[in-house]
Amino acid sequence: MRRDMGAQMAGVMVDERRWYVIEAREGKDFDVCLRLSAAGFDVWRPVDRVRLTERRTVAGVERIIRREVRRPRFGRYLFLRMEASCGRVFAISTAPGVVGFLCYAGGETPAPMPDGLVEFYRNHAPERAEERVEIRAGATVRVVAGPFAGACATVESIDRRGMLIIGVVLFGRVTPVPMEAGYVELLEQGPRPPTKRADKDRTTRRSSAHAH
C-alpha cells in the first residue's frame, strides 16, 4: 500500500488491474471472449488441441477416423484482467452470453484471482491421466501444484467437462477458483447425487402430502 501511494505521488502509473473469472453460458465462451477482446479487455481463454479416434461404419465398412479438435481448456470459464469498478462489473455481468463473475462465497463481490495462479496456468498444464478419478461436488481435495499447493478445499461444482470450482480460503474469505482435476488429489468423496428414481419418489410423496 505505501509503495503504491509513493508511486502515485511520484507521478508513476500504478496498474490496479486484477484477474477475475467470468462464467459464460454453455457454448458462448468464444463469443464472449471475442466481444470483450474487441472492447479492449485483456482476456485469457486458452485452447487445447485434442486428438480423437472414432470408429464409424461407412457403406457397411467400419473405418477408424482420427481428427483433431480444439477445446477450451477451462470450459466456459474466462480469465479477465481489469479494474473492477461497479459500472464495469455490471456491464459485463449483463452482457449477452455471460452468467456472471465468480464471487466470494455468500456475496456478490467478484473474487480476484492471485496473479501467480494465472501465471502458473499459463506455463503449466496438468498431465492427462489414463484413468480419471471421479470427483463429486462436496468432495474435499488437496491442491498438489501451483500457488495453492498443499491447501485443502471443498469442490463447489463440476461442469460436464470435469472442470472443478473449488473453495480456497484467501485472506480469511472463501474464494472460488477454477481448477483442473489434474492439480488436486481426492481426500474425501462428496455425496452421490440423487437418482432419478429417488427424485420421482420424493415428487410422489410430496404430491400425496398435498392431496391430504
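Worth knowing before you read on, the calculation uses all heavy atoms, side chains too, and leaves out hydrogens, waters and symmetry mates.
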Report task. Taking the side chain as every heavy atom from C-beta outward, state whether Leu34 and Val32 have any pair of such atoms under 4.5 Å apart. Result -> no
Query raised in the report: Same cluster or not: are Leu80 and Val118 linked, directly or through other Ile, Leu, Val, Met, Phe, Trp or Tyr residues, by side-chain heavy atoms under 4.5 angstrom apart?
Result: no
Requested in this report: Would you confirm whether Arg88, through its side chain, and Met82, through its main-chain N or O, come within 3.5 Å as a donor-acceptor pair?
Outcome: no
Requested in this report: Using a 4.5 Å cut-off on heavy atoms from C-beta on, say whether the side chain of Asp42 contacts that of Trp19.
Outcome: yes
Query raised in the report: Which heavy atom of Ala181 sits nearest a heavy atom of Gly162, and at what distance?
Result: CB-O, 4.4 Å
Report task. Answer yes if Leu164 and Phe101 sit in the same cluster of Ile, Leu, Val, Met, Phe, Trp and Tyr residues linked by side chain heavy atoms under 4.5 Å apart, and no otherwise. Result -> no
Query raised in the report: Where the side chain of Arg136 meets the backbone of Pro191, is there a donor-acceptor pair that is under 3.5 Å apart?
Result: yes
Query raised in the report: Hey, any chance Val99 and Ile22 share a hydrophobic cluster, counting ILVMFWY side chains that come within less than 4.5 Å of each other, even indirectly?
Result: no
Query - salt bridge (charged side-chain N to carboxylate O under 4.0 Å, His left out) assessment of Asp29 paired with Arg45 - result: CA-CA 8 Å; Asp29 49 284; Arg45 175 184 173 269; 2.8 Å; yes
Query - Minimum heavy-atom distance Cys33-Leu78, with the two atoms named - result: N-CD1, 3.9 Å
Query raised in the report: More than 12 non-hydrogen atoms from neighbouring residues, nucleotides or ligands closer than 6.0 Å to CZ on Phe30, yes or no?
Result: no
Query raised in the report: Considering residues, nucleotides and ligands other than Glu188, do more than 12 of their heavy atoms fall under 6.0 Å from its CD?
Result: no
Report task. Only one of Asp115, Leu117, Asn123 passes side chain to side chain contact (heavy atoms under 4.5 Å, CB included) with Glu119; say which it is. Result -> Asn123
Report summary line: Output for pair (Arg76 CZ, Glu26 CD), nearest 0.5 Å, gives 5.5 Å
Report task. Find out if a path of hydrophobic residues (ILVMFWY) with successive side-chain heavy-atom gaps under 4.5 Å connects Met179 to Tyr104. Result -> no
Query raised in the report: Taking the six-membered ring of Trp44, is the NZ or CZ of Arg122 close enough (under 6.0 Å from the centre) and on axis enough (within 45°)?
Result: yes
Query raised in the report: Under 4.5 Å between any side-chain heavy atoms of Leu36 and Ile92, yes or no?
Result: yes
Query raised in the report: Centroid-to-centroid, Phe120 to Tyr183, below 6.0 Å?
Result: yes
Requested in this report: Looking only at non-hydrogen atoms, find the nearest pair between Val89 and Pro110 and report the distance.
Outcome: CG1-CG, 3.8 Å
Report task. Give a yes or no on whether Glu108 atom CD has more than 12 heavy-atom contacts from other residues, nucleotides or ligands under 6.0 Å away. Result -> no
Query raised in the report: Any Lys/Arg nitrogen of Arg17 or Glu83 sitting under 4.0 Å from an Asp/Glu carboxylate oxygen of the other?
Result: no
Requested in this report: State the CG-CZ distance between Asp48 and Arg71, to the nearest 0.5 angstrom.
Outcome: 9.5 Å
Query raised in the report: Do you know the tightest heavy-atom contact between Pro176 and Glu156?
Result: CB-OE1, 3.8 Å
Query raised in the report: So, do Pro46 and Phe74 sit near enough that their side-chain heavy atoms are less than 4.5 Å apart?
Result: yes
Query raised in the report: Leu170 and Val174: same hydrophobic cluster, using ILVMFWY side-chain contacts below 4.5 Å?
Result: no
